[in-house]
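Below is one structure, written out as structure tokens; the observations come after it.
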Amino acid sequence: MLYPYQIRTVEEYQNAYRESIENPEAFWSSVAEHFTWKRRWDAVLNWNFKDPHVEWFKGAQLNITENCIDRHLATRGEEPAIIWEPNHPEERTRVVTYNRLHKRVCQVAQMLTNLGVQKGDRVCIYMGMVPELAYAVLGCARIGAVHSVIFGGFSAQSIADRLEDAQATYIITCDGAFRGNKDIPLKSIIDDALIGNKTVKKVIVYTRTRTPVSMIKNRDVWWEDEMEHAESQIERDGVVSFPAVKMDAEDPLFILYTSGSTGKPKGVVHSCAGYMVWTNYTFINVFQYTPGDVHFCTADVGWITGHSYIVYGPLSAGATSLMFEGIPTWPDAGRFWDIVDKHQVNILYTAPTAIRSLMGYGEAPLQGKNLTSLKVLGTVGEPINEEAWHWYNEQVGKKRCPIVDTWWQTETGGILISNLAGITPAVPGWATLPLPGVQPVLVDEQGAEITQQDADGMWKGNLCMRAPWPAIIRTTYGDHERCRTNYFATYENVYFTGDGALKNEEGQFRITGRVDDVLNVSGHRIGTAEVENAINMHAGVVESAVVGFPHDIKGQGIYAYVICTNLHKDENMTRQDILQTVSRIIGPIAKPDKIQFVKGLPKTRSGKIMRRILRKIAEGEMANLGDTSTLLDPGVVSEIVDGKI
Ligand code: WTA
């Protein structure tokens with residue numbers, strides 16, 4: 001057996017779980033032994049949730065790229081590490097072996113070193129889904145630079161804010177990115193983001209779309225030229241190598257920005273050793289990966305799912321990771337099925353929103369596609385409704401493939417609650433059981449553990465974690481206090497997820513959704529305050545309030561109530577202008593689905609917006625608005641109800 005810590009039966013799961021709780025240090029040290037270390041740890045775990053302060057494998061030294069690449073070369077050097085499927089189906093597929101990946105990552109490491117990047121420097125990566133994105137991420141890790149990948153759907157303003165917050169000194173980007181029939185001018189967006197920026201020294205540009213770009217003298221360089229030069233420097237007898245920098249277990253590996261309930265995205269920081277062990281352990285166990293399997297995670301590397309289950313988890317396991325540049329519905333809604341057929345995909349990991357969208361096209365796009373290679377299906381990002389679950393199970397998995405419903409977050413680094421494919425039972429709509437090392441607890445508003453079952457025999461409350469797992473968030477970049485108040489201060493001595501959940505008598509969990517002011521739109525986290533800030537920047541807008549509403553495909557849609565000074569005669573024109581503003585400030589992903597112009601917002605006497613009421617109206621539950629007597633002006637409510645769109 002290749003992975004000695006792979007769980008193969010329910011009893012093994014129960015034993016591993018028990019041991020991980022009773023003796024976490026022994027448990028995780030027995031897992032960690034199977035990795036490549038430059039120095040062994042002095043202590044497995046030190047922690048308190050008060051500061052918070054968490055250290056895993058303290059004293060150990062390692063480089064994650066040696067675990068993701070070098071250690072596989074002797075046995076799997078000529079096996080595919082990455083299979084790349086381009087946006088255009090007619091374009092050539094690329095297969096990157098572990099040997100080739102090693103060579104490219106070493107070249108990137110040398111290129112970055114040539115340009116002056118040092119250990120600890122923050123490198124922003126804003127690229128489309130090309131293999132070079134994986135090389136860039138791993139090249140940073142090889143030299144100890146902290147990567148911060150920004151999803152290609154964010155605007156120049158969002159990038160500028162992130163560059164500023166991370167004090168990034170280097171950027172790696174592409175001329176453009178292909179997504180469906182669109183060609184997104186990434187470099188030009190970076191140019192806008194850099195107006196007024198004072199920290200960035202160099203921008204490296206990889207050619208993908210051949211979109212014209214303006215290259216600024218002394219700042220912008222071409223990836224191709226730099227990589228060629230790097231190769232000539234480090235090639236000896238046809239072999240290219242670059243030594244992996246020694247990293248401390250707790251040195252930061254990357255920053256990834258995510259939305260919270262405040263107006264400003266947070267830079268979630270993950271460190272090297274714990275993140276490596278966790279993404280590897282969860283990948284192998286949840287998906288029951290077997291060497292040789294082709295794993296297709298449809299996420300973008302710009303999100304945590306791509307970091308953990310396209311790059312680090314699969315590669316650290318010596319797996320074959322399929323990376324797809326395009327979108328599920330272009331050139332038609334059979335694109336995923338063509339890819340599964342063409343590359344004999346064994347594991348498909350996608351989001352409920354994609355399943356619902358494909359479900360809308362019926363069964364025709366699946367016809368004639370050979371899906372018999374599929375063994376395991378997975379979902380992530382949002383609760384999956386039963387209808388979508390059954391469609392996925394019947395039409396895609398042909399009732400032969402276990403579905404894993406994986407619950408986790410950017411802050412958790414990897415999957416925390418999920419069934420194990422084919423080992424522990426799947427329940428439609430339920431993430432089910434905690435992984436070894438994960439100790440969920442449901443609490444009430446005051447932080448007291450829920451002890452009373454409801455009428456259905458369930459426990460219902462806010463989902464928290466009692467103890468750290470190896471990939472827990474370490475800090476929010478540049479502002480540790482923010483990390484504390486966001487996750488560790490709401491309730492004492494636990495990590496608060498921001499999600500609500502149910503637990504049944506079997507100890508299985510069902511995640512019901514966010515309990516804070518964060519929306520989950522197509523599996524993407526968007527803070528309502530961020531959208532409000534963007535809307536409020538539009539001239540003529542006095543105030544706005546944003547809430548979510550149920551959306552058939554996106555899961556949640558964005559509903560904005562907006563007060564304007566002088567509304568244009570043509571309301572729609574103002575609507576379009578506001579959408580344009582939100583696109584500019586955050587990105588197209590944050591555009592409201594509905595904008596209702598109102599004269600006032602329901603507020604308490606102390607001026608707080610009563611979102612509960614706005615949410616109910618957006619959901620269409622007008623009959624049940626609850627107590628409105630504490631409002632400053634109860635009259636606004638009926639006006640809003642009358643004007644609902
Ligand atoms: C939601 C994505 C229900 C949840 C990996 C969480 C889920 C947020 C599930 C994190 C699931 C993720 N079932 N809800 N299986 N997976 N979520 O940071 O609300 O982009 O807090 O990480 O997505 O989103 P993030």
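Just follow the structure's listing: the first ligand is 1, and inside any ligand the first atom is 1.
With salt bridges taken as basic N to acidic carboxylate O contacts below 4.0 Å, one links Arg466 and Glu449. Salt-bridge annotation for Asp552 and Arg356: absent, with no side-chain N of the basic residue lying under 4.0 Å from a carboxylate O of the acidic one. Ion pairing of Arg514 with Glu382 is absent here, as no side-chain N (NZ or NE/NH1/NH2) approaches a carboxylate O to less than 4.0 Å. Using a 4.0 Å cut-off between charged side-chain N and carboxylate O, Lys264 and Glu164 make no salt bridge. Remark: Asp517 engages Arg615 in a salt bridge, criterion side-chain N to carboxylate O under 4.0 Å.
Selection from Glu382, His307, Glu411, Arg510 by nearest heavy atom to atom 11 (C) of ligand 1 gives Glu382. Counting only non-hydrogen atoms, the option in Arg525, Arg514, His524, Gln556 that gets closest to atom 20 (O) of ligand 1 is Arg525.
Those atoms of ligand 1 with a heavy atom of Asp405 less than 4.0 angstrom away are 11 (C), 13 (N), 15 (N). Which parts of ligand 1 touch Val380 is read off a 4.0 Å heavy-atom cut-off, strictly below it: atoms 5 (C). Each of the following atoms of ligand 1 lies closer than 4.0 Å to a heavy atom of Ile304: 5 (C), 22 (O). Counting the atoms of ligand 1 from 1 in the order shown, those under 4.0 Å from a heavy atom of Ile511 are 3 (C), 14 (N). For ligand 1 and Asn520, the ligand atoms under 4.0 Å from any heavy atom of the residue are 1 (C), 23 (O).
The shortest contact between atom 16 (N) of ligand 1 and any protein heavy atom is with Gly381 N, 3.1 Å. What sits closest to atom 10 (C) of ligand 1 on the protein, heavy atoms only, is Trp408 O, 3.5 Å. Of all protein heavy atoms, the one closest to atom 4 (C) of ligand 1 is Asp499 OD2, 3.0 Å.
Polar contact with ligand 1: present for Gln409 (N/O pair, distance under 3.5 Å). Looking at ligand 1, you'll find an N or O of Thr410 within less than 3.5 Å of one of its N or O atoms. Considering both main-chain and side-chain atoms, Thr406 comes within under 3.5 Å of ligand 1 through a nitrogen or oxygen pair. Below 3.5 Å of separation, one finds no N or O of Thr305 facing any N or O of ligand 1.
In this structure, Arg8 contributes its side chain and Tyr13 its backbone to no donor-acceptor pair below 3.5 Å.
With a 4.0 Å cut-off on non-hydrogen atoms, Pro383 touches ligand 1 through its backbone as well as its side chain.
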